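First the structure, in the form of C-alpha cells, and then the observations on it.
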Amino acid sequence: MHELVLKGKFILRGESFDGSVGIDNGRISKISVQELRGEKELDLSGYLILPGLMDTHVHLRDFEQKDKETVKSGTKAALHGGITAVFDMPNTKPPVMDSRTFEKRLELFQREAYADYALSFLIRSNCGEAKKARADFYKAFMGASTGGIYSEDFESDYACSPGVLSVHAEDAELIHEKPERPPEVEEVAIKRALESAEKLKKPLNICHVSTKGGIEAILRKNLPWVSFEVTPHHLFLTRRNYERNPLLKVYPPLRTEEHVKALWENFSRIPIIASDHAPHTLEDKEAGAAGIPGLETEVALLLDAVNRGIIDIFDIVEKMHDNPIKVFGIRGRNFAIGNEATFTVVDLKREWTVKPEEFYTKAKWSPWEGRKLKGKVVMTILRGKVVMEDDEIVGKPEGVRLDVQRG
Ligand SMILES: NC(=O)N[C@@H](CC(=O)O)C(=O)O
Ligand SMILES: [Zn+2]
Ligand SMILES: [Zn+2]
C-alpha cells in the first residue's frame, strides 16, 4: 500500500504513459500500467500530469523591495502557475554580490519559499566573494537593467564564474547611445558573449533572447556549453502591444514581427522557456520601471498554444523541465523510480479568463488581462504533497533548495 497513488496520463520526454505512480516518502516508488493501491489515491484522469515544471529566470525581490514582491508572494505565484522550482535572480536591493548577502537570502528562502529554488550570485569584479558564496548558479549583466549593475569587464566576470553563468546580453555602450535599445543592442552583446564562450569554453546561459540576429548567432555558433532562454512575452507580444500599453516596457524590449517570427521559426531549437518574472508596483511602472510579471500566465499561455496547434505538449516538458535539469545540472528531479514525486497537473481543455486580481504575485497586472485562454494548471505536487489545487495554495512553505552541481 503506497502513501499516495497518482493515476492518469503522464507526459514525459517525448512520450505519454497512461498508468499509475506509487509515491512513498515523497519519492516515486512504483510506475505501473496496472492499478496501484494507496492510502490516498488521486484519480487525475482527464488531466495531463507533467513532471514538475521549472522557471530558470525569476526576480522575487524581497529584502528592501517587499512592495514589489516577496519570496512568499512570488513562490506562491509560482505554485499557482504550475512552477515547482524557481531560479532566483540577484539584482535585488541590496544586490546579492557578497557571500554574507547570499547567506541571508538562503536563510530567507529556507523560511519563506513555497516552491523549490536555486539561488544565484551577481558577478561584477567580485570574484573572491563569488567563489565563497557557492551559489547554485551565477548572473552577469553586460549592460544596465533594473538595478543598474553591469560588468566593467564581462569576459573576466565570465571567466570567474564557478558555475553556470546566466547573462543579460545588452551592450552597455550601445544602451547609452540608443536608450530605446534597438535589436543591435542585444545582437552585438550576444556576439561578444559568444566570442568569450568560444574562448573560455565554460557553461553560459543567455537570458531573454529576443532578436532574429541574436538567436541566429547563437544557433550558428552552436556551442554545446551555451544555452539560452526565451520568454513568453517575446514570443506572444510585439512592439505594437508596447506602443498601445506603456506598462509593457521591458528589457530587452518587445520586438517587431520580424524578430518574433524568427523566434518561432527556431522554436524547436530554443532550449529553455523562462518567464523573466519581473514584478514592479504600478507606481514604479508608471515611473518607467522595466519588467513584466509572468509566473501565473506562462504555462497557460503555452497550453493555449498547444490547443492552437502551434506547439506540442512535449515542448513544454522539454523546455521547462528536461533542459533546465540538463543545463543547470539538477539532480533527483527526472521522472524515475527513487526521484522526487514533483508534478504539474494541467487541464488542457479548461477555458478561463486571465484575472490579475486572482494572482498571488504582488504585481497584480498582466499583458494578458482579460484574455481567454484554453488550458490551465489545476494542481501542483511537491514531493507527493498537493501544494496547490484549483487556485488555492495548500499548506506551509515546503520549498527546498535544488540539488544543483555547484561550481
Ligand atoms: N527584464 C526587465 O525588464 N527587468 C528585470 C531585469 C532583467 O531581467 O533585465 C527586473 O529585474 O526588473
Ligand atoms: Zn535581464
Ligand atoms: Zn531578468
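Start at 1 and go down the list; that is how both ligands and their atoms are numbered. Computed from heavy atoms alone, side chains included, the values below leave out hydrogens, waters and symmetry copies. Not measured: the values here are computed from a predicted model.
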Does ligand 1 have a heavy atom under 4.0 Å from the side chain of His277, from its backbone, from both, or from neither? neither

Would you check whether His168 has a nitrogen or oxygen atom less than 3.5 angstrom from a nitrogen or oxygen atom of ligand 1? yes

For atom 6 (C) of ligand 1, which protein heavy atom lies nearest, and how many Å away is it? Ser145 OG, 3.3 Å

Distance-only, no hydrogens or angles: does the Asn307 side chain make a donor-acceptor pair with backbone N or O of Leu348 under 3.5 Å? yes

Does the Lys NZ or Arg CZ of Arg401 fall within the cation-pi geometry relative to Tyr117 - under 6.0 Å from the ring centre and within 45° of the axis? no

Output every pair passing ring-ring contact (aromatic ring centres under 6.0 Å, His included) with a member in residues 188-223, not counting sequence neighbours, ordered by first then second residue. His57-His208, His168-His208

Could you establish whether Arg61 and ligand 1 come within less than 4.0 Å of each other, counting only heavy atoms on the residue side? yes

Out of curiosity, is Lys249 lining ligand 1, as in a heavy atom under 4.0 Å away? no

Would you kindly check if the NZ (Lys) or CZ (Arg) of Arg124 is within the cone defined by 45 degrees around the ring axis of Tyr150 and under 6.0 Å from the six-membered ring centre? no

Within 6.0 Å of NZ in Lys349, more than 12 heavy atoms from elsewhere: yes

Identify whether the distance between the nearest side-chain nitrogen and carboxylate oxygen of Asp88 and Arg105 falls below 4.0 Å. yes

At under 4.0 Å between heavy atoms, is it the side chain or the backbone of His280 that contacts ligand 1, or both, or neither? side chain

Atoms of type N, O or S from protein under 2.8 Å of the Zn ion (ligand 2), total 2

Compute the shortest N/O to N/O distance between Phe141 and ligand 1 and return yes if it is under 3.5 Å, no if not. no

Is the NZ or CZ atom of Lys319 both under 6.0 Å from the centre of the six-membered ring of Phe267 and within 45° of that ring's axis? yes

At under 4.0 Å between heavy atoms, which part of Asp276 makes contact with ligand 1: side chain, backbone, both or neither? side chain

Residues passing the ring-ring contact (aromatic ring centres under 6.0 Å, His included) test with Tyr158, sequence neighbours excluded, are Phe154

Test: disulfide bond (SG atoms under 2.5 Å apart). Region: residues 51-149. Which pairs qualify, not counting sequence neighbours? Cys127-Cys160

Which bit of Met89 is near ligand 1, meaning a heavy atom under 4.0 Å away: side chain, backbone, both or neither? neither

Heavy-atom check, side chain of Ile273 versus side chain of Pro232, under 4.5 Å: yes

